[in-house]
Amino acid sequence: MALRVYNTLSGSKEPFVPLTPGKARMYVCGVTVYDFCHIGHARAYVVFDMIYRYLQATGLEVEYVRNYTDIDDKIINRANREGVPYQEISEKFIAEFDRDMESLSIQLPTVQPKATEHIPEIIALIERLIEKGYAYQAGSDVNFSVEKFSTYLKLSKRNLEDMQAGARVEVDDRKRNPMDFALWKGAKPGEPYWESPWGQGRPGWHIECSAMSMKYFGESFDIHGGGKDLIFPHHENEIAQAEAATGKPFVKYWIHNGFVNINAEKMSKSLGNFFTIKQVLEHCDAEVLRFFLLSSHYRSPLDFSDQNLKESQAGLERIYNSLAGIDERLLGSATAAAGEEAAELEEKVAALPGRFREAMDDDFNTALALGHIFELVRSINKALPSAPAELLLKTKQEVAAIAGILGVMDSVPAEFLGRLMQRKSEGVEIAPEEIEKLIEERAEARKAKNYKRGDEIRDYLAERNIILLDSAQGTSWKIK
RNA sequence: GGCGGCGUGGCCAAGUGGUAAGGCAAAGGUCUGCAAAACCUUCACUCACCGGUUCAAAUCCGGUCGCCGCCUCCA
């Protein structure tokens, strides 16, 4: 089965057939850089990173463009509030965004264009729209005339009359239709500006994406993505700008990810119920967060909570425990006769790539793909004592192939588990030296068959969240 | 008001016509002096509710209820 993707434009899953065989071009709307990113952003960019990786894995040559909106009212407002040039704000938050993306193992897009570096392209596109009669100057602004563009609202599937009936549209008598939107905004005194045929000003929000995507991809390309909330007005307006100018279909597949919710409500700046990526990573491993974000389908809403994050951690820990078990077996000299368990594992391993691909081909069903991994984990754990080394090696390789696409489970198992333990140890108020001392004392006691004292020590440490692990090699410990 | 989506076990979550994956949690068991991890077993005759279509429906159709999103900046 070939890749099928849900296209917002058609409202259904469609076979993915790129415009140019063997190549895929994907544009994803980036952030407006005026503040720290929250985990809603994290989800969007993790999702498209996964899509980017999977498209590549299917053999396509993928060009991925993700922009920075580095000029906008919100940036200007913040700059004014802080009394600094707007560039200081945009540069700072571009750097913060880059750090966040890196911490989430998000691969760099092919190009990350900035709006302010594409003013000539933007102006050219606006001029083209004016020439064709789709845009008009109103004072120092230039607006797009939605009534001129007959297929306006085809993406969000609404109609102009209903939109206006619901009307929380602000009245602006310079607009011919209240739904008209700004392509160019004249600068008020003190605002940053660029010279243009319409005077000093700056681009409207939507035009940059049309201009930049067409600059890098041409007038038509394969995939355009972003959060669901961008469908209207942003993407709708992008379509209007691009298709009015070129007369050609702008984008073949529109892909939109679902929201991250807090208590079943959308997380957003305006509701004030958001967590920044940095806040979350203070008490949660980045890989756990990424795992959590991929644990449900990208179009479903995803409820963010400590409880859910903990479950993801427990699940990922289970996977890594199993992978660590493989490593230990491979390092050790133990060999074993293949048994029923090994045969089952062999079967699961052989089937894994196909099952993974089938899940991913069905509109990037990462939740199902992870389900397959968990099934594999059980087989691994069962077969661990008896499986031949070649089979374990093969298992590792197959998991690694998937890990490389999902961007999780790709750590060295012992390192991941160590990282987790490090993190957990921050909440422990007992010094490692003391634990070692008690372990020694307990060893003496156990040697003397004084299990009472031994258990006292175990209990004492357990109260402090320290779990003792006895093995043939001696006693180690971990944090609960 | 318009448009769109969702409702699967205690929780999370796949499944869109063929008789309910997987994870977390819980309970019992195996292993262990005791623990931990792991393994085994149990845990939805049922998929919000009511009708209908069908040999067959969580999946299709109609209705009801509940929740959410977009319609204003928003991933």
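Basis for what follows: all heavy atoms, side chains included, without hydrogens, waters or symmetry-related copies. Letters go in sequence order (proteins before strands), and every chain restarts at 1.
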Could you give the distance separating [M] and [N] at their [atom1] atoms, to the nearest angstrom?
N: B/U32; M: B/G23; atom1: C1'; answer: 27 Å
N: B/A21; M: B/G9; atom1: C1'; answer: 14 Å
N: B/A25; M: B/C34; atom1: P; answer: 23 Å
N: B/U19; M: B/A58; atom1: P; answer: 11 Å
N: B/A20; M: B/C61; atom1: C1'; answer: 23 Å
N: B/C6; M: B/A75; atom1: P; answer: 24 Å
N: B/G2; M: B/G63; atom1: P; answer: 14 Å
N: B/G29; M: B/C68; atom1: P; answer: 44 Å

Revision key, fill the gap. Taking Watson-Crick and G-U wobble contacts under 3.5 angstrom, with | marking pairs to another strand and [ ] crossing pairs, the secondary structure of RNA chain B is written ((((((((.[[[..)..(...]]].(((((.......))))).....[[[[[..)....]]]]])))))))....

Give me, pair by pair, the N or O atoms of the protein and of nucleotides 64-66 of chain B that are less than 3.5 Å apart, along with how far apart they are.
none

Kindly indicate whether the side chain of [X] and the base of [N] share any N or O donor-acceptor pair separated by less than 3.5 Å?
X: A/Arg453; N: B/G33; result: no
X: A/Asp470; N: B/C34; result: yes
X: A/Asn365; N: B/G15; result: no
X: A/Glu375; N: B/G22; result: no
X: A/Arg318; N: B/G23; result: no

Given [N], is OP1 or OP2 found less than 4.0 Å from the side-chain N or O atoms of [X]?
X: A/Arg355; N: B/A21; value: no
X: A/Lys382; N: B/C40; value: yes
X: A/Ser300; N: B/A14; value: yes
X: A/Asn381; N: B/C39; value: yes

Check your understanding: If you measure from the Lys or Arg side-chain nitrogens to the Asp or Glu carboxylate oxygens, is any gap between A/Arg423 and A/Glu317 under 4.0 Å?
Key ->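 Looking at A/Glu317 together with A/Arg423, the answer is no, because their closest N to O distance does not fall below 4.0 Å.
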
Exercise for review: Inspect the contact between A/Asp73 and A/Arg202 and indicate whether a charged nitrogen and a carboxylate oxygen are less than 4.0 angstrom apart.
Suggested key: yes

Point to revise | Sugar-phosphate only, base, or nothing, as touched by A/Lys266 at under 4.0 Å among non-hydrogen atoms | key: base

Practice item. For A/Lys228, report the nucleic acid contact type (base, sugar-phosphate, nothing); a contact means any heavy atom under 4.0 Å. Key: nothing

Check your understanding: Of the nucleotides B/A75, B/G15, B/A35, which has the atom closest to the A/Asp362 side chain?
Key -> B/G15

Review point. To the side chain of A/Ala367, which of B/C68, B/A13, B/C24 is closest?
Key: B/A13

Study note, to complete from the structure: Heavy-atom nearest nucleotide on RNA chain B taken for A/Arg378 and for A/Val31; more 5' hit belongs to A/Arg378

Indicate whether the side chain of [X] and that of [Y] have a donor and an acceptor atom separated by less than 3.5 Å.
X: A/Glu287; Y: A/Tyr320; value: yes
X: A/Asn143; Y: A/Ser145; value: no
X: A/Tyr86; Y: A/Asn80; value: no
X: A/Tyr298; Y: A/Asp363; value: yes
X: A/Tyr68; Y: A/Gln112; value: yes

Review point. If you take all heavy atoms of A/Phe416 and A/Ser411, which pair is closest and at what distance?
Key: CB-CB, 4.0 Å

Nearest-Å distance, [atom1] ([X]) to [atom2] ([N])?
X: A/His235; N: B/A75; atom1: NE2; atom2: P; answer: 10 Å
X: A/Asp303; N: B/G69; atom1: CG; atom2: C1'; answer: 14 Å
X: A/His256; N: B/A75; atom1: NE2; atom2: C1'; answer: 10 Å

Practice item. Determine, answering yes or no, if A/Phe374 is stacked on B/G22 under the 5.5 Å centre rule and the 30° plane rule. Key: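 Ring-base stacking flag not set for A/Phe374 and B/G22.
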
Revision key, fill the gap. Residues of residues 456-467 of chain A with a heavy atom under 4.0 Å from any atom of RNA chain B, listed by number, are A/Arg458, A/Ile467

Check your understanding: Quick one: does NZ or CZ of A/Arg25 land under 6.0 Å from the six-membered ring centre of A/Tyr27, within 45 degrees of the ring axis?
Key ->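 Pair A/Arg25/A/Tyr27 does not count as cation-pi.
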
